[in-house]
Each structure stands twice: as C-alpha cells, then as structure tokens.
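Structure, as structure tokens:
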Amino acid sequence: MSKADTTDAATDSGVIQSVSGPVVTARDLNARMNDVVYVGDEGLMGEVIEIEGDLTTVQVYEETSGVGPGEPVENTGEPLSVDLGPGMLDAIYDGVQRPLDVLEGKMGSPYLDRGVDAPGIDLEEEWEFEPAVEEGDVVEPGDIVGVVEETVTIDHKVMVPPDYEGGEVVAAEAGSFDVTETVVELDNGEAVSMHQEWPVREARPAEDKKTPRTPLVSGQRILDGLFPIAKGGTAAIPGPFGSGKTVTQHQLAKYADADIIVYVGCGERGNEMTEVIEDFPELEDPANGNPLMARTSLIANTSNMPVAARESCIYTGITIAEYYRDMGYDVALMADSTSRWAEAMREISSRLEEMPGEEGYPAYLAARLAQFYERAGYFENINGTEGSVSAIGAVSPPGGDFSEPVTQNTLRIVKTFWALDADLAERRHFPSINWNESYSLYKDQLDPWFEEEVADDWAERRQWAVDVLDEETELQEIVQLVGKDALPDDQQLTLEVARYLREAYLQQNAFHPVDTYCPPEKTYLMLTTIQTFNDEAFDALDAGVPVEEIIDIESAPRINRIGVQEDYEEYVEDLKAEISEELRSLY
Amino acid sequence: MKEYQTITEISGPLVYAEVDEAIGYDEIVEIETAQGETLRGQVLESSEDVVAIQVFEGTSGIDRDASVRFLGETMKMPVTEDLLGRVLDGSGRPIDDGPEIVPEERQDIVGAAINPYSREYPEEFIETGVSAIDGMNTLVRGQKLPIFSSSGQPHSELAMQIARQASVPEEEEGDDEDGSEFAVIFGAMGITQEEANEFMQDFERTGALERSVVFMNLADDPAVERTVTPRMVLTTAEYLAFEKDYHVLVILTDMTNYCEALREIGAAREEVPGRRGYPGYMYTDLAQLYERAGRIKGRDGSVTQIPILTMPGDDDTHPIPDLTGYITEGQIYVDPDLNSQGLQPPINVLPSLSRLMDDGIGEGLTRADHADVKDQMFAAYAEGEDLRDLVNIVGREALSELDNQYLDFADAFESEFIDQGFETNRDIEETLEIGWDLLSMLPKDALNRIDEEFIEEHYREDDAEREVVEAAD
C-alpha cells in the first residue's frame, strides 16, 4: 500500500458501458491511468488503460463472459502492484501474482474460476525474524534491517521500503512474526514490516548501474564457451517452434549460477509449466544440493489464461527480480516468450482500435521492450549492496523469420543473441543454437574472469574453435558442389576437426544426467582435447600420413563421449595421450 | 425474457440490435425470422443500447422485423455418457435419428483454463501402431499433437488409422476387454460430405462408433457454426475424461476451416487484422482450444488432441500452422513428396516432433533403448537425406562407402519403417526391432548416439539376422 496510501486516491465507482472481450468501457469512473479496478458484480480484476471524456477503458485480467452493461466498476485507486516479502520463492503465480496453489484450494476446482483473489504472499505465515540493526542505529531507505530464512538456500533480507524517509531505530526485536506485523520501528513513526508493495510498471530505484564483468555461468558449453552472458546482462533466444527455446530456458533456470531464478511462462503451454512445477522441486541446485525450487519463483500465465494478465506477467516477474536484487542477490529472469507478451499488447491495442504499427503491433512496442530489458543490469543498490538482474527473453518469430518486429526490436537492445535454428533441430543437433548467427557482446568484458577462474588461454582457445567452425562453413559450400573427396587433404582434416567440435562440443544432451550440466572447466578441457587431436593430426598429415588413416584412428571417436563422463579429468587426460600415441605411431 | 424487434444492421454473419436492458457479453441469442425459423447466435459486443450478435447459422432470412430473444446465459451444452455412439451436427443436435439426449449436466462450452498447478505432466505412452509416430515422434496421453498436411494428402486416412488403432498399455493389461476406457471424439469442421462419409463408414466398419462421439459441421454448413463445434467437442471430451475417467482422443479436422471462420467474423466486425487478415487474437483463440488437452491431478482420464490442418500452399510459415506449432506439443508432417512415392502413411519424420516424447519413452514405458534408437535413426536419415542432393550432382561412385551406406539406410528407412500401410498395426516392440534391422546396415562405430550396452544387445552382427535389408536392396 506504501505508495497509494500517501496520495488522495480518487476512489470512486462507475458503471459498465460496453464489453468486448477483455476490454470493458466504464462511464463516470473517476480513475487515473493504470489504476486497478474491480469490474462487474463478480469483481473481476482489471486495469485502466485509456481515459477519454467521461469514458474509462479497462483491460480485464479475467474472462468477461456474461458481464454486461450497467454492472458496477470499483476503483481501488492504486496502480497494479505486487506483494513483496518472504514466501515468493518456491511459489507459483499467475500473471497478476495470484498464487495458483492457493487459487486451486479456494476455487476447489482444477479450473481457474473468476473473481477469486488472493494475496501474493501468505499474510498469516510466521517467519523467524533476526534483526540486523539495534536501537539507536540510523537507517535510510533501502537499508537492510533484518533477515529471515525464506528457504534453505536463501536468506530473505528485510529492507526499509525505498519510499520511506528513514531515521533512528527505536525498536527492533527478534522473534516470530507474520509479514504484516511491524518488526522495526523508526523514530519518525515509520514502521517496517516484512511486507512491501511495489507498482509493477515502475522500476525499483538503484544507486548506479555498472558494467557487468562476471559471467552467468550456465553449464551449457555453447553458451559459456562461445556466447557467454554476463550477470546483469540481457539475452534473446529467438527461434521457430520446435527449435528448443523452452528447453534452453529450462536448462538456464536449472543450472545458471544465479542466486535467484524468476521464471516467467508468458503465454506458453500448460504442460510445460507443469513440467517445471513437477521437476524443479526434485532437482538439485548444482551450487549447494538444495531443491531447485528453493531459489525459484515461477510465474505461469499460459496461453489460454486471460490475455491481459499475460501482458502484465512480464512486469510482475521483473519487479520480483528487482526486489531480490535489492538484497544483493544475482537474479536471472527467464521470460518465455516475449513474443506472446508483444501479442498480448497487440491484442489489447487492436481492441482499443489504436492505429497499428508494423504487422499490427502497437507503435509503442519498441519502447515497451526497451523499458523491460533496461530494468536488467548490474546495479549498486541504494543500500550499498551490489546485485544484478539478468534478463533472458525467448522470442517466437512467426515462421522463424527473424526480420519480424519483435525479434528486430529486441535485437536492438540485447547484447547476447542465441539464434536457434530449425535445420539443426531437425537433425537433432541440440542445443540447436546456430554458431554462425549468434553473438555475445560481453565476450571481452568477461574474458578476464574466465582467464582468472578457468584457464589463462580461454579466449585464444575459443577463437581457435570459432575459426575452425568458420572455415567449415566455407568448406561445406564447396562440399555441397563437388563432394568431400575432391577437397585437398588438409581441408578434409579441418572438416573432421570441425565435426568433433559440432558433435562433441556444441551438442549437449539436456536429458543425460551428466551431460546436462557442463562446468566451465570441462568445457575448456573438451576444447583442448579436440585441439590436441587437431594439432597431432596435422603433424601426422605433414609427416605424410594419408588423411583417411588419420580420420580412422580408434581413439578419436571417444571425444564424443567426454560429455557423459563424470570423472572427465582423468578421461580427458588418457584420451589426449591415446590420440597422440595413436597418431604418432602412424609415422 | 424480453423480445426485441429492433434489428438495425445485418452484415455478413453479424446482426446489430438495439436493446434497453443490460445484455451480458457472450450471452446466447435466439432470432426468429418471419418464416418461423429460429436461429441461434452469441453476443460479440455488448454496450448500453446496441449489441453485436454473431449468428451461427448465418444471417440469411433475417429481416429488420425478426425478433431477437436474449436467453440470459452463455452457451451451454448437455453432456452425458450416453453421447458415446452418437452423431451430432456442428451445434450439438443429433442427426442420427437416435433418441433424444437426456443430459446429466449442462456445461459451459467455453471451458475455463486449467490451473497449471492442477495439471499432471503427461508421460504415458499411447500406442498408435504407426511406426513413424510411435518410434520417432511418440504420442503421450494428454498431449496435443497436430497433423500438418496440405490439400490432396491422405491425412484423413492417417487420422482414421490412429483412431482405429490407438490404445493405451493400461487398457491392454486391464480386465476390461471391450476397451470402454478409451473414447474417440471426432469434430469435423467444414469438411466435405464425401470425406465425412468416409469417416463414418470407417467408424461403422470397425465398430469404433460405439466408443465415439461425432460432431459434423460440413462444408455447406454455416461457417460461423465452426467456431462453436470444437468447443462442443472439447466440452464433451473434458466431461468424459475428467468426470467419467475415459482416455479421450480428440480428432479435429480441419482447423484451417475453423480459422477461416474466425477471419470471416473478424472481417465482418471491421477489426484491425493481424497477419494475412487473420484476427490478432487468433493465437489466444487457438490456445483456448488446444490447451484443453491434458491431464489433471487426481483424475484418471485424459484428453489427447490430434488436430488436423491443411497448410495453404504447403507453407508452414502460414499463420495457421505457425500459431498452432507454437501452442501444440510438436507436429506430424504429411509430406507430398513421400505421398507421391506411394508411402503410407507419408509422414516426414525429420521436421516432425513430439515434445513430450522424451518423458513418455524408455524403460518401463516403452523400451530402454527407444530414445537412443530414435536419435540415431533421426541422425542417420538426415545424413542420408542430405547426401541425396549430392548424389544428384556427383553420382554414387564419388561417395565414400559410409556415405553409400547412409543412402541405403535412408531408402530402407522409408520403404521398411515408414511405409507400413494404413491397415497395418505395429506394436512398439516390432517398430523398434525394425529400427535395429535398419541401423545394422551401418557400421557399429557410426552408431555414436547409442549406448554401447544396447549396441551389444541388439546390433545384428550377421546379415542373416536382418530381415528387411534384402527386401530393401
């Protein structure tokens, strides 16, 4: 309530004038833009999106079947806000932060009924509060005043809301409290509880945005190895259907080394969200072995759920992410898919009969996308801690055509581009990320980290791999015309090396218990093994060994099995020795 | 219930009428024409003094004096287990001269969204008896797996084959021998009388009708009715699945006609069109149909959907297949080239996909080696396909021995694995064994996606063990 309480909200009620799908027009409603209203006798939740004369247009977050003119519209006088506090992790929400498990209980049905509301966090659950300040301490907005253990993995920091004035602490006590109770009192009468509200369309304040220099290690070879994303970075994964966007997003949610994951299923499949709900509690956090859900907050607004709530789910997600960032955590937000979000905007816009921009999308599409991705970044928070929000958005371009508006407007903002490719997916090369089209603009600023933490020739090795793959692409064009055997020996050998790069290094089996997560050290060792083969093979070729014999050596195909080895260090060492030995024995 | 004689505008499938009371959005309307005919419609837009009504049967015969009655409720349909074995029209009225339907319940045809939290993840195999599906793109209970086809292709035959052969392993083991646990609901939208007859004859011939409900909206039935038919189909399916514990297989054909009807209504309402004139909300609208597939925690039944759509110009970037592909969990491609080669069913497995396959196969579900065999066959067939282009230029002699083996594999894969005929029912065991026969045409070390253990167990060392290769050569 923090923001709205302090203003003179024009709380008022009006009458429905017309209904068309999710768009409802009301008469005589005294409201501000983006105020939340309750529509009709059933009290369906909606948001003001246009005001014209005495008519107010509302987008409704629920089905409007049966709602008719003459029914009342109540204004709450508050913008669409989320409840922030302990209990957001290990939770699953719809697009307006209603907990789906609570809704199931309240509705007593597996179907989503209308007009049922529930707070985003359980207001009655008690948490063990441990103060971090004492009486007499002076606190400012954003400062951490205490800690509760939210899950086994995450300590939830209780902060002074950013819109407080701050002052001297007059009371702070440890103990068991629910989120609405005051845990810290200030001398100016301000009371801090574990619960805050924040309007979703407004970014939470921060002190400064910095250049990100730490990678978000994903355990996916092609991402960490070739196209890394930074903690606080932005990335887009566009691809036609069936190319593996969702699997890639899931892999990131499972294995990225962020502290907190916010996963937004925006207009996607119900069964996919169910998979996440069923899988994540059973999966282990690779960092500490705790259940993965202990660091995850899920937002599921599937494609058949109301379209207006789909429009808001992205904002709900990023606001939750920012809140954990304020505590000093590294948060990764996955949005699957931003195209569905853009389509929701298009649908609302066309119901409003706005003048359409490109392909029917509203003219403000680019601005909305930019605003969203700008809320990501590596920040110095107002309480002095540092935290980050990394935003990774899947894009579903119609027909897989990247020239469409959502992909193009996204690419103008994000700095990492993982292009999914239907051809690769069709031959079951997964992850089907096209190495020729993808890029990462973070490479240079992240190399020092990899060189420090993994190996000092990280960047060089990567460049070697990129060069080989580039050369392969050129050679493949010739092969398509004349066949492989017409190529000179050295080029045939390059193709063989590139094949190992593609099959062993770039492919990764998300469904294999070991291969699914590949630490950077393993990524590096795999690359060095392929390079060992490359170097030894070219030496053999120079010594006059026919290329067929080199290709046919027995040890080399074992490169393809590095991915599935648990004790990879020993395996790689043996393999390198064997490859060298076998090749040297040929001359 | 008030009657109005206040029609102000009739345009295409839409009627505008002035009213002096509040009319709910989506409410059902009856319009009585001067000839005494009663037409049904639905409120598309409701404002204080005028409502827009979409008339299901078409507006022909309506004049300014026709009377309009608002029924005060949204569209509901009667549901009962007795619907099994019945044939209904596109609006749910019996057309098989059978007895009146006595409803057990009346349900809203616009189903509410299933709470994602209440869903259960689909992971039980449905055996369709079609190798290209069972082996390569496995269907699981609660999945929505469309068939992407184009005009002139035998997608109907494929759909009938699936409807006939589909079974769930549980059903086979159970004591329930007549298979009453399994039901097929068939929704026809805008198909021709001839196609409809073929379906009906097949249903009757195989006795499948008694476990089926058939909804028929034919090509000459009003287009707007098509927007209601699939909702009736799915309402029936949900009722049978989640109230009566049936495993329901829903076949919807042809979704392209459904989308054309959406476009027609959109155009009549002068809406801002999206891609290719289809309404901007088509994704949401289709999702509200397709997402009604699934399983629910604590309920025994399931709804599995096989929508069929004909891609205009065989182009899968057309909005209808495109949006469908983004919602459904994979797709099965019917390929004109394979069809002209006479393959039955002409399924092209390469672009086909079943997203839920990985969780529905393997030990205890199908067979432990299933995933590896599938991966290897995909890779080998893709390789062979690529080489075919090359062969056209350089000839077979210029290729290495391995490349030639891949080419042979691709040919045999099509003739032995895919081309099984529309009448053959193969169980999963047989499908996988054929797979091994084919993979054994390749040298052992080319099988880089299969676990060594399985190679040991299944690889045919000896030519004599391979039954199909002779035939392929």
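Here is how names work: the chains are called A, B, and so on, in the same order as the sequence lines, proteins then strands, and each is numbered from 1. We use all heavy atoms of the structure for the numbers below, so side chains are in, but hydrogens, waters and symmetry mates are not.
Contacts between A:Glu503 and chain B at a heavy-atom distance below 4.5 Å involve the side chain alone, from C-beta outward. With a 4.5 angstrom heavy-atom cutoff, A:Lys245 touches chain B only via side-chain atoms. Contacts between A:Asp485 and chain B at a heavy-atom distance below 4.5 Å involve the side chain alone, from C-beta outward. Contacts of B:Val349 with chain A are made by backbone atoms alone, with heavy-atom separations under 4.5 Å and no side-chain atom involved. Heavy atoms closer than 4.5 Å to chain B are found in the backbone of A:Ile16, but not in its side chain. If you measure heavy-atom distances from B:Pro321 to chain A, the contacts under 4.5 Å come from the backbone alone. Heavy atoms closer than 4.5 Å to chain B are found nowhere in A:Glu404, neither backbone nor side chain. Only the side chain of A:Thr302 comes within less than 4.5 Å of a heavy atom in chain B; its backbone stays farther off. Using a 4.5 Å cut-off between heavy atoms, B:Asp358 touches chain A through its side chain atoms alone. Contacts between B:Tyr281 and chain A at a heavy-atom distance below 4.5 Å involve backbone atoms as well as side-chain atoms. B:Arg355 touches chain A through its side chain: at least one heavy atom from C-beta onward sits under 4.5 Å away, while N, CA, C and O do not. Both the backbone and the side chain of B:Thr284 come within less than 4.5 Å of a heavy atom of chain A. Residue B:Glu73: no heavy atom, backbone or side chain, is found under 4.5 Å from chain A. Contact annotation for B:Leu356: only side-chain heavy atoms (C-beta onward) come within less than 4.5 Å of a heavy atom of chain A. B:Asp108 does not touch chain A: none of its heavy atoms, backbone or side chain, sits under 4.5 Å away.
For the residue pair A:Glu354/A:Ser349, the side-chain donor-acceptor check at 3.5 Å is satisfied. Between the side chains of B:Asn348 and B:Asp335, at least one donor N or O sits under 3.5 Å from an acceptor N or O. A donor atom on one side chain and an acceptor atom on the other are not found under 3.5 Å apart for A:Tyr111 and B:Asn115. Checked by atom type, the side-chain pair A:Ser337/A:Ser396 shows a donor-acceptor distance below 3.5 Å.
Within residues 21-28 of chain B, the residues having any heavy atom under 4.5 Å from a heavy atom of chain A are, by residue number, B:Ala22, B:Ile23, B:Gly24, B:Tyr25, B:Asp26. Residue-level contacts of residues 322-333 of chain B with chain A, in order of numbering, are B:Asp322, B:Gly325, B:Tyr326, B:Ile327, B:Thr328, B:Glu329, B:Gln331, B:Tyr333; threshold 4.5 Å between heavy atoms. Residue-level contacts of residues 381-391 of chain B with chain A, in order of numbering, are B:Ala382, B:Asp386, B:Leu390; threshold 4.5 Å between heavy atoms. For a heavy-atom cut-off of 4.5 Å, chain A lies close to B:Gln288, B:Glu291, B:Ile296, B:Arg299 in residues 288-299 of chain B.
Side-chain contact between A:Arg428 and A:Phe430 is present, with heavy atoms from C-beta onward closer than 4.5 Å. A heavy-atom distance below 4.5 Å is not found between the side chains of B:Thr74 and B:Val110.
Chain B forms the most heavy-atom pairs under 4.5 Å with one residue out of A:Asn301, A:Ile277, A:Val482, A:Asn271, and that residue is A:Asn271. No other option in A:Arg310, A:Arg340, A:Glu63 has as many heavy-atom pairs under 4.5 Å with chain B as A:Arg340. If you tally non-hydrogen atom pairs under 4.5 Å between each of A:Pro69, A:Ser18, A:Gly68 and chain B, the highest count goes to A:Pro69. Between chain B and the residues A:Pro398, A:Ser350, A:Pro306, the largest count of heavy-atom pairs under 4.5 Å involves A:Pro398. Counting heavy-atom pairs closer than 4.5 Å to chain B, the top residue among A:Met273, A:Met107, A:Arg114, A:Glu104 is A:Glu104. Among A:Glu343, A:Glu278, A:Arg346, A:Glu359, the residue making the largest number of heavy-atom pairs under 4.5 Å with chain B is A:Glu278.
Under 4.0 Å is where a charged nitrogen must lie from a carboxylate oxygen, and between B:Asp285 and B:Arg231 at least one such pair does. Comment: A:Arg561 engages B:Glu452 in a salt bridge, judged by a side-chain N to carboxylate O separation of less than 4.0 angstrom.
A side-chain donor-acceptor contact under 3.5 Å links A:Glu71 to the backbone of A:Asp41.
The aromatic ring centroids of B:Tyr278 and B:His318 lie less than 6.0 Å from each other.
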